[in-house]
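Atom set for the values below is all heavy atoms of this structure, side chains included, hydrogens, waters and symmetry mates excluded. Remember, it's a predicted structure, so these values are computed and weren't measured experimentally. Order of appearance sets the numbers: ligands from 1, and atoms from 1 within every ligand.
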Amino acid sequence: MGEKSLELPEPFKIKMIEKITLHPKEKRKELIEKAGSNVFMLKAEDVFIDLLTDSGTSAMSDHQWAGMIETTQSYAGSRSYYSLKKAMKEIFGFKYLIPVHQGRAAENILFSTMIFPGCYVPNNMHFDTTEANIMRNKGIPVNLVIEDAYDSTKILPFKGNMDTEKLEHFIQDKTPEKIPLIMITITNNSVGGQPVSMRNVKEVSKIAKKHGLPFFIDACRFAENCYFIKQREEGYRNKTIKEISRELFSYADGCTFSGKKEALTNIGGMLCTNNEELYEKLRNLTIVIEGFVTYGGLACRELEAMARGLYEAIDENYQAYRHRQMEYLAKLLRSGGVPIVEPPGGHAIFIDAKKFLPHISPEQFPAQALTVQLYIESGVRVVEIGSSCFGKVDEKTGEFIPARMELMRLAIPRRTYTDNHLKYVAECLIRLYEKRKQIRGLRRVYAPKLLGHFTARFEPIN
Ligand SMILES: Cc1ncc(COP(=O)(O)O)c(C=O)c1O
């Protein structure tokens, strides 16, 4: 009889630890009230388990730390710039690299160069910073994700895909002259960290080429996406993540990348392209706003950490562990009846707050109310991805237009928390689910126009 293969544990061991403290519940209540019911306004030291974001929160490896010490610091042409270029070329395959201090800097440089007032930028789904950087340049962000992505119960292998029929119609309707570029975000963060298939990327690329439009990938979580392709798409099981990644990027003209996710670093990003003429323009703007093009607003040690982290992100044992940890948390939550977005995403578990709190209307921010309660109950910090993040106010009528989904995201920092931490999070959420009827909505009393959720203030509705 063949033995069932064993699931491997973490492919690393712990070398250094950081103490975390859980304040008493009364203190947590006081702190969140003072913070205007906005978890971004809490001090990190007042948080027990921090699942606010997977961005810049990875635990770096000894190899990364060693590289940071070994490298030398230079304004131009540093050794670590060339390490990063080599890693980018091997894993992404683009001709030109511009390092930047984080993903939104890449977005700012790209959009400030390509966008003109009144133009449209289609994407499967823009993240909030992408959306804001387009709007700041007077462009119009458009989300063309498949309709099924909005159904949190639907199980599909590639729920992050762009609807290519919608894209074709959109281009014909608006005309290619009004569209400076097409983007696709992998994985699709805003609808649950859902992956995009190779086939979909290929189709979008074909449509872009047919209309003579540049095609860029928001590559923040490229390796998690490639691992999903390996697991779920026919023809990729025997390929390495690097081979899959090279094929995926070969369909694009460039990418924006936040190294704070899958370069396993605390800061950093990249803007890449194959287009020489565009590169010249991007390079000049980078020098004005980020720094010289071989450091892009970063210390050389941070370039080195990114270069090394990129190779660690495409390690299959690491990706298997990462995806297994996500499945573990999902399984615990399901067992307690907590409504999660299915299937689990690559970097986070998303809770469907419309299902968790059906008695709270979108105008009273159910996912934000849940986020606040979870902090009070457990000291766990997560983030709202709903109407506080993506809701709009009609400038003419003042009418509030809620987001299509009210999600609460439990982003899992890479290599940082153990299964026991996640078990505690699940137990607290299940307990909260059992007394969900007692949770009340919130009134928003302040929010700036762009990226309002970072600094918004709320009051509890009694
Ligand atoms: C899909 C996506 N794009 C872009 C960004 C922006 O990256 P950064 O935070 O490094 O500016 C993020 C950050 O969370 C993201 O998730």
Side-chain angles (χ1 to χ4, degrees), residues 39-40 50-58 84 98-112 121-136 141 143-145 149 159-162 181-196 201 216-226 228 248 252 254-272 286 289-290 296-298 302-303 305-306 309-310 313 341 345-350 381-385 389-390 407 409-414 450-451 453-454:
V39 289
F40 282 104
D50 205 348
L51 308 186
L52 180 74
T53 178
D54 63 322
S55 184
T57 52
S58 298
L84 182 63
I98 298 175
V100 289
H101 81 275
Q102 66 180 96
R104 69 198 71 182
E107 291 161 11
N108 181 17
I109 294 163
L110 183 69
F111 298 150
S112 299
V121 183
N123 198 329
N124 50 347
M125 198 120 179
H126 291 280
F127 192 60
D128 59 352
T129 60
T130 331
E131 193 177 88
N133 269 304
I134 292 170
M135 287 160 73
R136 210 173 65 84
N143 295 327
L144 299 176
V145 69
K159 231 170 138 180
N161 280 355
M162 173 104 92
L181 78 159
I182 296 173
M183 291 195 82
I184 203 159
T185 304
I186 60 169
T187 56
N188 192 336
N189 187 359
S190 313
V191 289
Q194 299 292 328
V196 175
V201 170
F216 273 69
I217 295 179
D218 177 340
C220 285
R221 299 177 180 88
F222 79 99
E224 283 162 11
N225 200 97
C226 290
F228 276 123
L248 189 125
C255 78
T256 54
F257 176 69
S258 166
K260 296 172 72 179
K261 283 83 174 170
E262 293 220 271
L264 297 161
T265 52
N266 304 134
I267 196 73
M270 302 194 293
L271 176 56
C272 308
T286 303
I289 62 178
E290 281 281 281
L298 293 167
E302 286 147 356
L303 298 172
M306 255 207 296
L310 280 173
V341 173
H347 67 296
I349 298 297
F350 288 67
R381 174 161 70 170
V382 298
V383 76
E384 193 256 22
I385 307 271
C389 184
F390 285 120
L407 304 178
R409 186 185 75 178
L410 282 59
I412 314 298
R414 294 170 179 82
L450 275 184
L451 293 177
H453 68 127
F454 286 110

Candidates M270, R104, M183 - the one meeting side-chain contact (heavy atoms from CB on, under 4.5 Å) with T256: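 Filter result, single survivor: M183.
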
Would you say ligand 1 has an N or O under 3.5 Å from any N or O of [X]?
{"X": "D218", "result": "yes"}
{"X": "T129", "result": "no"}
{"X": "T185", "result": "no"}

Do me a favour and list the nearest non-hydrogen protein atom to [atom] with residue, atom name and distance?
{"atom": "atom 4 (C) of ligand 1", "value": "E107 OE2, 3.1 Å"}
{"atom": "atom 9 (O) of ligand 1", "value": "R104 NH2, 2.9 Å"}
{"atom": "atom 10 (O) of ligand 1", "value": "S258 OG, 2.6 Å"}
{"atom": "atom 15 (C) of ligand 1", "value": "F127 CD2, 3.5 Å"}

Is the side chain of [X] donor-acceptor paired with the backbone N or O of [Y] at a distance under 3.5 Å, no angle test?
{"X": "S258", "Y": "C220", "answer": "no"}
{"X": "N124", "Y": "I184", "answer": "no"}
{"X": "E262", "Y": "E224", "answer": "yes"}

Out of all atoms in ligand 1, which are within 4.0 Å of some heavy atom of N189? Include the element for each.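 With N189 as reference, the close atoms of ligand 1 come out as 16 (O).
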
Counting from 1, what ligand 1 atoms have a heavy atom of G103 closer than 4.0 Å?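 In order of number, 7 (O), 8 (P), 10 (O), 11 (O).
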
What heavy-atom pair brings H101 and I267 nearest, and what distance separates the two atoms?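 Closest pair (atom of H101, atom of I267, distance): O-CG1, 3.3 Å.
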
Distance-minimising heavy-atom pair for V100 and A105: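 Result for this residue pair: CB-CB, 3.9 Å.
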
Counting heavy atoms only, name the option from K261, H347, Q102, K260 that's nearest to atom 7 (O) of ligand 1.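 Minimum heavy-atom distance to atom 7 (O) of ligand 1 goes to K261.
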
Can you check side-chain hydrogen bond (donor to acceptor under 3.5 Å, both in side chains) on H126 and D218, steps first, answer last? CA-CA 9 Å; H126 291 280; D218 177 340; over 6 Å; no

So, are K261 and D54 salt-bridged, with charged N and O less than 4.0 Å apart?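 Salt bridge flag = no for D54 with K261.
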
Please confirm whether C220 approaches ligand 1 to less than 4.0 Å, judged on its heavy atoms.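 It does; at least one heavy atom falls under 4.0 Å.
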
